[in-house]
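Structure first, commentary second.
All values reported here derive from a predicted model rather than from experimental measurement.
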Amino acid sequence: MNDWQRKSPLEWEIYVNKMVKVAVIEKHEYEGWVLTIDPVSASIVLATFLENEKVSISVVLGHAVQEVEILKEGDDEMKQRLSCIFAPEESKAYSPEELEKRKNDLKTWLETNHVPVTEQGESGRTLCVVGVLTIDPPYGPEECSSSNEIILSRVQGLIQRFLEERQ
């Protein structure tokens with residue numbers, strides 16, 4: 001086990017969102033932005049930004065790491081870019097006002113289609129349909145949860161139709 005593998009996750013955390021140079025056995029070197037470090041294998045996941053907004057992902061296996069040198073600190077914009085690499089295309093951050101509007105628009109649309117819906121939770125952020133299905137922010141089909149598969153499928157279909165009509 002090498003020195004890198006002996007580090008704790010708290011020690012590895014200082015490398016996340018930073019540009020590093022990783023020296024490995026046989027005098028090879030890798031450079032990139034640290035996305036994460038696997039706490040089990042000590043492997044480093046590096047991102048390199050190419051032209052055309054494309055990203056190259058490399059994994060440097062923990063047992064091969066000899067030295068890691070921080071080259072550059074990541075600013076807020078870089079941290080945001082790195083955090084979005086594995087996020088789905090349609091996923092985006094919504095402001096509290098946008099979430100409230102999405103919730104109210106969906107609630108109104110469901111009520112217009114004779115689907116009984118209430119708000120629940122401390123802040124009323126979760127919509128509840130017929131008492132057996134919940135819809136969490138940002139109020140898309142993927143955020144529906146129910147043990148009744150028939151109701152789940154039908155309400156997801158309704159929400160999908162609602163989103164398509166809004167575009």
Side-chain angles (χ1 to χ4, degrees), residues 5 7-20 32-62 74-167:
Q5 290 174 298
K7 289 184 183 283
S8 73
L10 288 175
E11 292 172 295
W12 288 322
E13 190 176 24
I14 64 166
Y15 296 95
V16 175
N17 295 327
K18 297 195 172 83
M19 170 70 86
V20 298
W33 292 92
V34 177
L35 281 173
T36 189
I37 299 166
D38 177 49
V40 175
S41 68
S43 297
I44 306 169
V45 180
L46 297 175
T48 309
F49 293 97
L50 310 171
E51 63 276 345
N52 302 335
E53 292 298 310
K54 294 194 185 236
V55 180
S56 172
I57 303 295
S58 307
V59 177
V60 181
L61 300 179
D75 58 11
D76 288 338
E77 181 184 338
M78 181 53 69
K79 289 176 186 175
Q80 181 64 34
R81 280 181 78 186
L82 291 169
S83 71
C84 292
I85 288 176
F86 291 115
E89 283 295 318
E90 66 275 357
S91 128
K92 73 171 207 179
Y94 293 98
S95 70
E97 296 79 24
E98 288 174 309
L99 284 176
E100 188 66 24
K101 180 176 180 353
R102 284 177 66 91
K103 179 185 77 170
N104 291 334
D105 290 351
L106 178 59
K107 183 178 179 192
T108 302
W109 191 83
L110 287 170
E111 289 169 340
T112 302
N113 285 280
H114 309 291
V115 176
V117 62
T118 58
E119 295 179 20
Q120 71 179 36
E122 292 176 19
S123 57
R125 292 183 58 200
T126 301
L127 294 178
C128 184
V129 176
V130 198
V132 296
L133 179 137
T134 58
I135 310 167
D136 292 312
Y139 309 104
E142 303 81 24
E143 287 77 39
C144 293
S145 177
S146 176
S147 59
N148 185 321
E149 291 182 32
I150 295 169
I151 291 175
L152 177 64
S153 173
R154 292 201 176 145
V155 172
Q156 284 176 320
L158 279 173
I159 294 173
Q160 189 63 47
R161 203 169 82 218
F162 164 70
L163 293 173
E164 288 167 2
E165 285 178 11
R166 284 182 63 196
Q167 290 178 343

Show the atom names and distances, to 0.1 Å, of all donor-acceptor pairs under 3.5 Å that link a side chain in residues 54-61 to residues at least two apart or in another chain.
none

Apply salt bridge (Lys or Arg N to Asp or Glu O under 4.0 Å) to Lys18 and list each qualifying residue two or more places apart in sequence or on a separate chain.
Glu73
Could I get the full list of side-chain contact (heavy atoms from CB on, under 4.5 Å) partners for Val129, not counting sequence neighbours?
Leu110, Val115, Val117, Leu133, Ile135, Val155
d(Ser145 OG, Leu152 CG) to nearest 0.5 Å is 7.5 Å
Do you know which two heavy atoms are closest between Leu82 and Trp33, and how far apart they sit?
CD2-CB, 3.7 Å
I want to check something: taking the side chain as every heavy atom from C-beta on, are Pro141 and Leu163 in contact at a cut-off of under 4.5 Å?
yes
Distance-minimising heavy-atom pair for Ala42 and Trp12:
CB-CZ2, 3.5 Å
Does Asn104 offer a backbone N or O that forms a donor-acceptor pair with the side chain of Thr108 under 3.5 Å?
yes
Residues, nucleotides or ligands: over 12 heavy atoms within 6.0 Å of Leu50 CG
yes
Pairs involving residues 38-52, ordered by first then second residue, that meet salt bridge (charged side-chain N to carboxylate O under 4.0 Å, His left out) (sequence neighbours left out)
none
Side-chain touch Val45/Ile37, heavy atoms, less than 4.5 angstrom
no
Please confirm whether the backbone N or O of Leu127 pairs with a side-chain atom of Glu119, one donor and one acceptor, at under 3.5 Å?
no
So the salt bridge (charged side-chain N to carboxylate O under 4.0 Å, His left out) pairs with at least one residue in residues 153-163 (sequence neighbours excluded) are Arg161-Glu165
Say whether, by atom type as modelled, one donor and one acceptor occur between the side chain of Ser83 and the main chain of Gln80 under 3.5 angstrom.
yes
Do the non-hydrogen side-chain atoms of Gln160 and Glu164 ever get within less than 4.5 Å of each other?
yes
Residues at least two apart in sequence or cross-chain that pass side chain to side chain donor-acceptor pair (under 3.5 Å) with Ser43, listed by chain then number, are Ser41
According to side-chain contact (heavy atoms from CB on, under 4.5 Å), who are the partners of Ser8, at least two apart in sequence or on a separate chain?
Leu10, Glu11
Indicate yes or no: at least one non-hydrogen side-chain atom of Leu46 is less than 4.5 angstrom from one of Val34.
yes
List in chain and number order the residues that pass salt bridge (Lys or Arg N to Asp or Glu O under 4.0 Å) with Lys101, two or more places apart in sequence or in another chain; answer none if no residue qualifies.
Asp105
Got a sec, which residues hit side chain to side chain donor-acceptor pair (under 3.5 Å) with Thr126, two or more places apart in sequence or on another chain?
Asp136
Check whether Thr134 reaches the backbone of Cys128 with its side chain - one donor and one acceptor, N or O, closer than 3.5 Å.
no
dist Cys144:SG -> Leu158:CG (nearest 0.5 Å) comes out at 9.5 Å
Residues Arg125 and Glu100 bridged, charged N to O under 4.0 Å
no
Residues in salt bridge (Lys or Arg N to Asp or Glu O under 4.0 Å) with Glu111, at least two apart?
none
Taking side-chain contact (heavy atoms from CB on, under 4.5 Å) as the test, write out the residues that go with Ser95, two or more places apart.
Glu97, Glu98
Leu35 side chain reached by Val16 side chain, heavy atoms, under 4.5 Å:
no
Sequence neighbours excluded, the answer for side-chain contact (heavy atoms from CB on, under 4.5 Å) partners of Arg81 is Phe49, Glu53, Met78
Specify the closest pair of heavy atoms between Glu143 and Pro137, including all atoms of both residues, with the distance to one decimal.
CG-O, 3.5 Å
Restricting to non-hydrogen atoms, name the atom on Leu99 and the atom on Tyr139 that form the minimum distance, rounded to 0.1 Å.
O-CE1, 3.5 Å
